[in-house]
**Q** 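What follows is a structure written as structure tokens; I'll ask about it next.
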Amino acid sequence: MGDLHHVVGHSVQLGILDGEEVLFVERLIAPGAVVTVTQIGGRLPLHASSGGLVLLAHAPAELRERVLRRPLRAYTPHTITDARTLRATLAEVRRNGFAFCPGHIHPDATGISVPIRMAGHVVAALGMVVPNDEHAWPLVRPLQLTGLALERALDVQPGRPAEATGGDG
């Protein structure tokens, strides 16, 4: 996370599923960064943030259906607030492997998140909050690569060399 934060110069965060919310367990904020509402220990509804969408897309079907049946709070005019759009967005997140959310929480910010898997299961969402402009889209790839590196590190178990897990050290 620190390397990504240093390279892109924007806020980076890690969230986990906690009930029907995303719980942010780590955040690295960049000086002069675009507005970000997340904080360590902070929470957001799953439908509203990029990290929440990643976690909801990979959550058990009963949780997805429960969230889809509830009223969805709007933070901006771009926040997903209807079940049909949310359902389609979740399918797109699963298909593309990331969530890209321009203006969903704050009009000046774009949230981008990727799933972090351990033993084949999504256990977290790694995300960035960047300015809502034309420079946001190219940041998807560095985030994906960082997510893959984090997954690889999680697959290396203590006392077990990397080559035993299929890595090259």
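Hydrogens, waters and symmetry mates play no part in the numbers below; they use all other heavy atoms, side chains included.
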**Q** Applying side chain to side chain contact (heavy atoms under 4.5 Å, CB included), name anything that partners Thr89, two or more places apart in sequence or on another chain.
**A**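 Counting only residues at least two positions away or on another chain, Thr89 forms a side chain to side chain contact (heavy atoms under 4.5 Å, CB included) with Leu53, Ile80, Thr85, Val93.
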
**Q** Could you give the side-chain donor-acceptor pairs of residues 59-69 under 3.5 Å, partners two or more places apart or in another chain?
**A**
{"unit_1": "Arg64", "atom_1": "NH1", "unit_2": "Ala59", "atom_2": "O", "d": "2.4"}
{"unit_1": "Glu65", "atom_1": "OE1", "unit_2": "Arg87", "atom_2": "NH2", "d": "3.3"}
{"unit_1": "Glu65", "atom_1": "OE2", "unit_2": "Arg87", "atom_2": "NH1", "d": "2.8"}
{"unit_1": "Arg66", "atom_1": "NE", "unit_2": "Glu20", "atom_2": "OE2", "d": "2.6"}

**Q** Once ring-ring contact (aromatic ring centres under 6.0 Å, His included) is applied, do any residues pair with Tyr75, and if so which ones, sequence neighbours excluded?
**A** none

**Q** Using side chain to side chain contact (heavy atoms under 4.5 Å, CB included) as the criterion, list what pairs up with Val25, not counting sequence neighbours.
**A** Leu14, Ile16, Leu23

**Q** Please list, chain by chain and in numerical order, all residues satisfying side chain to side chain contact (heavy atoms under 4.5 Å, CB included) with His5, sequence neighbours excluded.
**A**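 In terms of side chain to side chain contact (heavy atoms under 4.5 Å, CB included), with neighbours along the sequence ignored, His5 is linked to Val12, Leu28, Ala30.
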
**Q** With sequence neighbours excluded, what pairs up with Asp133 under the side chain to side chain donor-acceptor pair (under 3.5 Å) test?
**A** none

**Q** Looking at Val54, Leu148, Leu126, which hits side chain to side chain contact (heavy atoms under 4.5 Å, CB included) with Ile116?
**A** Leu126

**Q** Who are the side chain to side chain donor-acceptor pair (under 3.5 Å) partners of Ser49, not counting sequence neighbours?
**A** none

**Q** Which residues satisfy the side chain to side chain contact (heavy atoms under 4.5 Å, CB included) test with His78, sequence neighbours excluded?
**A**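 In terms of side chain to side chain contact (heavy atoms under 4.5 Å, CB included), with neighbours along the sequence ignored, His78 is linked to Thr76, His104.
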
**Q** Can you name the residues that form a side chain to side chain donor-acceptor pair (under 3.5 Å) with Asp3, not counting sequence neighbours?
**A**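 Expected list: none.
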
**Q** Is there any salt bridge (Lys or Arg N to Asp or Glu O under 4.0 Å) pair reaching into residues 74-84, and which pairs are they, with sequence neighbours excluded?
**A** none

**Q** Show every salt bridge (Lys or Arg N to Asp or Glu O under 4.0 Å) that has at least one partner inside residues 10-19, sequence neighbours left out.
**A** Asp18-Arg43

**Q** Return a table of donor-acceptor pairs under 3.5 angstrom between the side chains of residues 138-146 and protein atoms on other chains or two or more places apart.
**A**
{"unit_1": "Arg141", "atom_1": "NH1", "unit_2": "Gln144", "atom_2": "OE1", "d": "3.4"}
{"unit_1": "Thr146", "atom_1": "OG1", "unit_2": "Pro142", "atom_2": "O", "d": "2.9"}

